[in-house]
Amino acid sequence: MPQRLYACTPSRLNTWLDCPRRYRMTYLDRPMPPKGPPWAHNSVGAAVHNALAGWWKLPPAGRTPEAAGGLLVRGWLTDGFRDEAQSARWRERAREMTERYAAGLDPADEPVGVERTVAARTDRIAVSGRIDRLDARGSELAVVDYKTGRRALTADDARGSLALAIYAVAASRVLRRPCHRVELHHLPSGEVAAWDHTDESLQRHIGRAERIAEEASAADDAYRARVPAPRRGGTRARVAASAPGRDAAPPVDHAPFDELFPARPGRLCSWCDFARHCPEGREAAPRKEPWAALPEDG
């Protein structure tokens with residue numbers, strides 16, 4: 001009998017690596033435990049990504065730096081900021097960095113893909129993901145990933161990124177063109193951290209993804225064998241929705257599965273969306289304010 005493929009994204013694989021407990025709460029626990037408040041740095045990143053994606057949809061003559069800034073302002077997200085004044089300051093900073101980045105682009109150099117979904121299969125996994133931008137570089141492709149965080153990036157970050165390597169392999173298979181180059185474009189500094197993979201280094205990343213998937217899949221199966229899937233649309237579900245507490249299934253106690261999905265406490269627990277549901281995480285690091293990842297803005 002053929003082995004069932006583990007369906008995943010790079011984000012799912014990296015979540016398992018970072019913390020199996022967070023993985024369970026994100027992908028398995030249903031209903032999903034309530035998350036904490038949204039993060040301001042995620043709002044900045046999403047707004048910049050959306051503006052750049054929209055910029056490439058404009059006619060080439062309309063792809064000006066000012067147009068990129070206008071898209072950023074119109075699509076600005078306000079979640080997670082301390083107050084309206086902080087949000088306004090960061091909207092201006094984000095507009096400036098987006099316009100500065102767009103000024104260095106060639107509007108006529110049409111990308112092969114923008115927000116392009118790619119997928120690949122191996123004997124063990126079916127992986128898919130969305131690439132910020134896919135460029136043509138001669139006869140090959142290059143994966144471009146936008147970054148808006150405060151930390152400067154290096155070639156080692158590009159080389160070691162599991163997600164970028166998976167994107168390169170998947171893009172090559174979907175579009176039938178070689179893809180070895182991966183780039184991290186850090187908009188705050190204007191720097192590009194790049195790496196040129198070999199076929200061998202890409203295959204090592206795929207092997208790593210398969211090993212991670214094997215661990216996560218085994219934990220998934222053990223969990224699902226003991227936790228009933230939530231019923232959808234049945235009579236019991238409709239009764240429970242109309243009359244809370246009446247004929248409703250008792251909530252699932254997820255604590256017995258903590259051993260299968262151990263927490264990996266550390267300083268990153270401060271940024272976890274599910275920290276309030278994890279005693280080990282709360283003990284390891286205090287919760288950060290939603291705007292704490294933004295550099296000081298005076």
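Side chains are part of it too, since the values below use all heavy atoms of this structure and drop only hydrogens, waters and symmetry mates.
- Counting only heavy atoms from C-beta outward, the side chains of V114 and W55 never approach each other to under 4.5 Å.
- Under 3.5 Å, the side chains of Y23 and D18 contain no donor-acceptor pair of N or O atoms.
- Look at E96 and R100 and you find no salt bridge, because none of the NZ, NE, NH1 or NH2 atoms lies under 4.0 Å from a carboxylate O.
- How far CG of D135 is from CG of L141: 9.0 Å, rounded to the nearest 0.5 Å.
- With hydrogens and angles disregarded, a donor-acceptor distance shorter than 3.5 Å links the side chain of H277 to the backbone of P34.
- Note on L184 and L187: separate hydrophobic clusters, where clusters join Ile, Leu, Val, Met, Phe, Trp and Tyr whose side-chain heavy atoms are under 4.5 Å apart, directly or indirectly.
- At a threshold of 4.5 Å between non-hydrogen side-chain atoms, the residues V127 and P10 count as touching.
- Inter-residue side-chain proximity for P188 and Y101 is flagged as unmet; no heavy-atom pair is nearer than 4.5 Å.
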Exercise for review: Let me see the working for E115 and D132 under side chain to side chain contact (heavy atoms under 4.5 Å, CB included), right down to the final yes or no.
Suggested key: CA-CA 5 Å; E115 297 291 326; D132 290 344; 3.8 Å; yes
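- Contact record, M97 with T148: SD-CG2, 4.5 Å, taken as the closest heavy-atom pair.
- Nearest heavy atoms, V48 versus L72: N-CD2, 3.8 Å.
- Looking at heavy atoms from C-beta onward, R124 lies out of side-chain contact with Y6 at the 4.5 angstrom threshold.
- Within the 4.5 Å cutoff, no side-chain heavy atoms of R181 are placed close to those of E140.
- Linking ILVMFWY side-chain heavy atoms closer than 4.5 Å, directly or via other members, places L175 and Y167 in a single hydrophobic cluster.
- Inspection of the W195 and D157 side chains reveals no N or O donor paired with an N or O acceptor under 3.5 Å.
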Practice item. Check step by step if salt bridge (charged side-chain N to carboxylate O under 4.0 Å, His left out) holds for R24 and D258. Key: CA-CA 9 Å; R24 192 199 74 202; D258 286 350; 2.7 Å; yes
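- If you chain together hydrophobic residues whose side chains sit under 4.5 Å apart, V44 and W39 never meet in one group.
- By the neighbour-count criterion of 12 heavy atoms within 6.0 Å, atom CD of E66 is densely surrounded, having more than that number from other residues, nucleotides or ligands.
- Contact annotation: the side chain of E200 never approaches that of Q203 to less than 4.5 Å [non-hydrogen atoms, C-beta and beyond].
- Sparse packing is recorded around CG of D123, with 12 or fewer heavy atoms of other residues, nucleotides or ligands lying under 6.0 Å away.
- Here the closest non-hydrogen pair linking G54 and L71 is C-CD1, 3.7 Å.
- Applying the ring pair (Phe, Tyr, Trp, His ring centres under 6.0 Å) criterion to F81, with sequence neighbours excluded, gives W76.
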Exercise for review: Please step through side chain to side chain contact (heavy atoms under 4.5 Å, CB included) for the pair V227 and L28, ending with a clear verdict.
Suggested key: CA-CA 10 Å; V227 176; L28 299 179; over 6 Å; no
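- Checked by atom type and distance alone, the side chain of S172 pairs as donor or acceptor with a backbone atom of R177 at under 3.5 Å.
- The two residues Y27 and R30 make their nearest non-hydrogen contact at O-NH2, 3.7 Å.
- Panel note: side chain R173, backbone R121; a donor-acceptor pair is recorded below 3.5 Å.
- Remark: the backbone N or O of R22 is paired with a side-chain donor or acceptor of T26 at under 3.5 angstrom.
- Other residues, nucleotides and ligands contribute at most 12 non-hydrogen atoms within 6.0 Å of the CZ atom of R130.
- Side chain of S43 to main chain of D79: a donor-acceptor pair is present (N/O by atom type, distance under 3.5 Å, no hydrogens or angles).
- Atom CG of D273 sits about 9.5 Å away from atom CE of M32, to the nearest 0.5 Å.
- Taking CD of E283 as the start and SG of C278 as the end, the distance is 10.0 Å to the nearest 0.5 Å.
- Test H185, E183, R133 against Y146 for side chain to side chain donor-acceptor pair (under 3.5 Å) and you get one pass: R133.
- V143 and I131 get closest at one heavy-atom pair: CG1-CG2, 3.9 Å.
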Practice item. Walk me through it: do R63 and L105 pass the test side chain to side chain contact (heavy atoms under 4.5 Å, CB included)? Key: CA-CA 9 Å; R63 294 172 186 165; L105 299 173; over 6 Å; no
Practice item. Carefully, step by step, assess V169 and H205 under the rule side chain to side chain contact (heavy atoms under 4.5 Å, CB included). Key: CA-CA 10 Å; V169 170; H205 274 289; over 6 Å; no
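- Taking a cutoff of 4.0 Å between a charged side-chain nitrogen and a carboxylate oxygen, E289 and R82 do not qualify as a salt bridge.
- Here the CZ atom belonging to R12 is positioned 7.5 Å from the OG1 atom belonging to T9, to the nearest 0.5 angstrom.
- Side-chain contact between D199 and H180: present, with at least one pair of heavy atoms (C-beta onward) separated by less than 4.5 Å.
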Determine all donor-acceptor pairs shorter than 3.5 Å in which one atom belongs to a side chain in residues 259-269; sequence neighbours excluded.
unit_1: R264; atom_1: NH1; unit_2: W16; atom_2: O; d: 3.3
unit_1: R264; atom_1: NH1; unit_2: L17; atom_2: O; d: 2.4

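- Every residue was checked against the ring pair (Phe, Tyr, Trp, His ring centres under 6.0 Å) condition with W56, not counting sequence neighbours, and none meets it.
- For the atom pair L77 CG and W90 CH2, the distance stands at 14.5 Å (nearest 0.5 Å).
- Side-chain contact between T98 and L52: present, with at least one pair of heavy atoms (C-beta onward) separated by less than 4.5 Å.
- Scanning all heavy atoms of the two residues, the minimum distance from L294 to R150 falls at O-NH1, 3.8 Å.
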Practice item. Please test D221 against R4 for salt bridge (charged side-chain N to carboxylate O under 4.0 Å, His left out), starting from the C-alpha separation and ending with a verdict. Key: CA-CA 11 Å; D221 290 345; R4 178 172 56 88; 2.8 Å; yes
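- No chain of hydrophobic side-chain contacts below 4.5 Å, direct or via other Ile, Leu, Val, Met, Phe, Trp or Tyr residues, connects L134 to L202.
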Practice item. For the pair E215 and R211, evaluate salt bridge (charged side-chain N to carboxylate O under 4.0 Å, His left out) and give the outcome as yes or no after the intermediate values. Key: CA-CA 7 Å; E215 290 181 9; R211 291 189 295 275; over 6 Å; no
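- To the nearest 0.5 Å, atom OG of residue S161 and atom CG of residue N14 are 7.5 Å apart.
- Counting heavy atoms of neighbouring residues, nucleotides and ligands inside a 6.0 Å radius, atom CZ of R137 exceeds 12 of them.
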